[in-house]
Amino acid sequence: MSYTALYRKWRPAGFEDVKGQDHIVQTLKNQITSGRIGHAYLFCGTRGTGKTSIAKIFARAVNCENPVDGSPCMECRTCRNIASGASLNVMEIDAASNNGVENIRDIREQVQYPPTEGRYRVYIIDEVHMLSPGAFNALLKTLEEPPSYVIFILATTEANRIPVTVLSRCQRYDFKRITIETLTNRLAELSRAEKIDVEEKALTYIAKAADGSMRDALSLLDQCVAFHIGERLTYDHVLDILGAVDTAVFSRMFRAVTQQKTADCIYQLEDLIIQGRELGQFVNDFIWYMRNLLLIQTADDVEGILDMSADNKKELEKDAQLTDGETLMRYIRVFSRLSGQIRYASQKRVLVELAFIKLTKPEMEQNYDSIVERLKKIEEQLEEGLMAAPPTAGSAVFGSAPSFSGATGQTAGGEQTGFRSGGEPPLPAAAEPPGQVVLPRAQLEDLQLIRNEWGKIIRGLGGVIRASFRDTIVEPAGDSCLCVVFGNQDNYEIGRRPTIMGELETYVKNTYGKDIYFKTRLIAKGERVDTIYVSDEELKNRIHMDITIED
């Protein structure tokens with residue numbers, strides 16, 4: 001006896017066997033039990049979600065002699081004839097190969113004759129979007145005013161290609177992708193019935209790879225069982241057969257990307273190729289992995305969204321801390337474009353390697369995403385002082401500054417003193433050393449706090465403030481008062497507005513718990529900005545004598 005594929009052997013025979021489409025099943029059963037049966041139905045949805053199976057069950061149910069709660073009994077003569085394909089009342093037509101006007105005319109001629117048995121003649125037209133424009137026009141009149149004993153069920157994976165005139169004449173039912181949990185439970189149920197020894201983790205991965213299609217899930221299970229017949233089907237077996245990659249590999253690859261280790265990414269990719277992994281599947285799975293990382297970063301409660309164990313979730317949370325959401329979205333966009341290109345590419349490996357180079361070397365690209373990431377890295381380096389200009393002894397004006405102790409000038413971008421643009425051009429270095437100003441300890445502490453955090457404050461406020469305050473420094477202006485010094489007239493006009501100052505003061509109070517009043521002024525031409533501020537206590541310790549501070 002020839003072998004029957006699992007998806008054919010376990011095709012649903014009744015509504016109770018259909019999984020994942022409860023909303024449609026219940027509606028159709030209610031129509032049958034109440035007698036409110038329509039004349040034309042349109043079943044829309046992706047492959048393997050049950051469109052044709054439900055159409056056949058519905059055809060049996062409307063003709064069944066003894067329906068049970070809207071489902072066919074499968075025991076009467078009509079049900080048996082329809083199930084075996086011997087009934088002339090149910091016609092299944094493939095529109096992909098019968099898409100001409102002549103085929104529709106044949107249907108129009110056949111509907112003139114009432115059913116030989118049962119109550120309805122049912123026409124199931126699969127892939128109806130493949131009909132020609134002329135065939136659709138020929139079908140319109142029959143769809144609008146069919147005989148009372150005729151039912152049309154149109155099935156399609158591309159509802160957007162159906163003419164509006166046809167859509168308006170049908171009851172439309174949208175089939176959902178079947179969830180991973182539903183697919184896994186169904187696979188486990190059939191595995192027990194078929195006496196297949198399989199790990200639950202393996203079934204979960206097969207369900208995920210099926211992408212919401214029950215037929216694909218059963219076909220993949222059939223393939224895996226055939227390869228390891230007589231053995232326990234493990235998770236590793238499934239990965240080998242499907243050319244897939246374990247999540248631990250994604251974690252190592254992602255860490256290499258965030259550390260900008262291009263060579264490590266290429267070496268790991270080569271290992272996958274040597275192991276025979278399918279690159280298209282790898283790209284799609286890596287996108288899914290990064291999607292999970294992004295959800296962990298952005299969603300408050302991801303327990304119901306991420307279908308994984310607690311251990312895997314902990315590992316994802318660690319990886320999610322390695323970068324920010326904007327960078328993750330750039331990674332996903334790069335690999336999403338790659339997913340569309342790699343399907344028909346002859347040099348898949350080169351495309352994947354190029355994608356990893358884009359992730360690890362954004363400076364090699366000129367698009368918006370890459371420029372944003374490069375600017376962000378520059379800001380981080382400036383904040384850490386990695387790109388500050390080297391100190392130059394004796395400089396005295398905006399442009400560069402010497403290295404000195406105490407509270408030093410620092411712009412919002414992170415450089416020590418000096419405006420990068422819009423300020424006065426630097427003058428020749430002065431010979432005299434920078435001046436020193438003695439401040440009370442409380443004023444100096446406020447000044448040091450704000451100067452050290454100035455770059456973070458400006459980035460935190462964002463918007464107009466971030467744009468106009470980049471080339472500013474902060475100087476003391478009295479008790480609990482600081483002055484923001486601008487080097488550009490246009491930025492000064494924006495920054496001096498009371499609303500801007502109020503927003504700055506509120507941010508400082510909420511973030512640092514300090515009630516500090518801010519003033520503004522424009523830098524004078526040739527003004528020095530290398531003044532050293534020291535506390536009275538520090539100066540006493542240096543010169544070992546009492547200091548009197550004069551107002």
Side-chain angles (χ1 to χ4, degrees), residues 5 7-8 11-12 18 20-21 24-25 27-28 37-60 62 82-83 85 87-113 120-147 150-178 210-220 280 339-340 343-344:
Y7 80 87
R8 294 180 56 200
R11 181 187 284 269
V18 178
Q21 308 297 345
I24 295 176
V25 167
T27 304
L28 296 179
I37 299 173
H39 69 278
Y41 297 83
L42 178 64
F43 290 172
C44 311
T46 57
R47 69 193 187 285
T49 51
K51 298 185 298 297
T52 306
S53 295
I54 290 182
K56 291 181 177 180
I57 295 171
F58 187 73
R60 289 196 293 269
V62 296
I82 294 176
S87 175
L88 297 178
N89 288 346
V90 178
M91 301 289 293
E92 187 174 356
I93 302 166
D94 176 22
S97 53
N98 300 279
N99 57 4
V101 177
E102 297 80 6
N103 304 112
I104 301 303
R105 285 175 180 167
D106 291 342
I107 295 176
R108 291 174 58 182
E109 292 176 2
Q110 293 173 14
V111 299
Q112 299 176 15
Y113 305 101
Y120 293 95
R121 292 177 67 93
V122 182
Y123 290 87
I124 302 173
I125 304 180
D126 204 5
E127 300 299 333
V128 69
H129 62 270
M130 299 294 288
L131 289 179
S132 66
F136 272 122
N137 292 332
L139 185 62
L140 284 179
K141 187 64 176 177
T142 305
L143 275 180
E144 186 172 16
E145 298 177 357
V150 172
I151 298 175
F152 285 96
I153 302 179
L154 315 180
T156 179
T157 55
E158 301 181 39
N160 58 298
R161 295 176 59 182
I162 307 297
V164 177
T165 49
V166 173
L167 290 174
S168 64
R169 290 168 168 82
C170 300
Q171 294 185 25
R172 175 170 174 169
Y173 293 86
D174 290 297
F175 284 65
K176 300 177 181 177
R177 290 180 183 269
I178 306 173
D211 194 24
S213 168
M214 182 66 74
R215 182 171 62 240
D216 286 5
L218 293 175
S219 297
L220 291 173
S339 178
R343 183 176 303 175
Y344 305 107

[Y] backbone acceptor or donor facing [X] side chain under 3.5 Å:
X	Y	answer
S213	R47	yes
N103	G100	yes
H129	N160	no
R343	S339	no
Q21	K176	yes
T49	G45	no
N137	P133	yes

Exercise for the section: Decide whether S53 and R11 meet the rule of one side-chain donor and one side-chain acceptor closer than 3.5 Å. Expected result: yes
Problem - R108/D106 salt bridge by N-O under 4.0 Å criterion - result: no
Practice task
In plain terms, say whether R105 and E102 are close enough for a salt bridge, that is, a side-chain N and a carboxylate O under 4.0 Å apart.
Solution key: no
Handout entry: ring-ring contact (aromatic ring centres under 6.0 Å, His included) evaluation trace for Y41 with F152
Key = CA-CA 6 Å; Y41 297 83; F152 285 96; over 10 Å; no
Completion exercise
When rounded to the nearest 0.5 Å, the distance separating CG of N99 from CD1 of I93 is 12.0 Å
Practice task
State, yes or no, whether a side-chain contact exists between T157 and K51 at a heavy-atom distance under 4.5 Å.
Solution key: yes
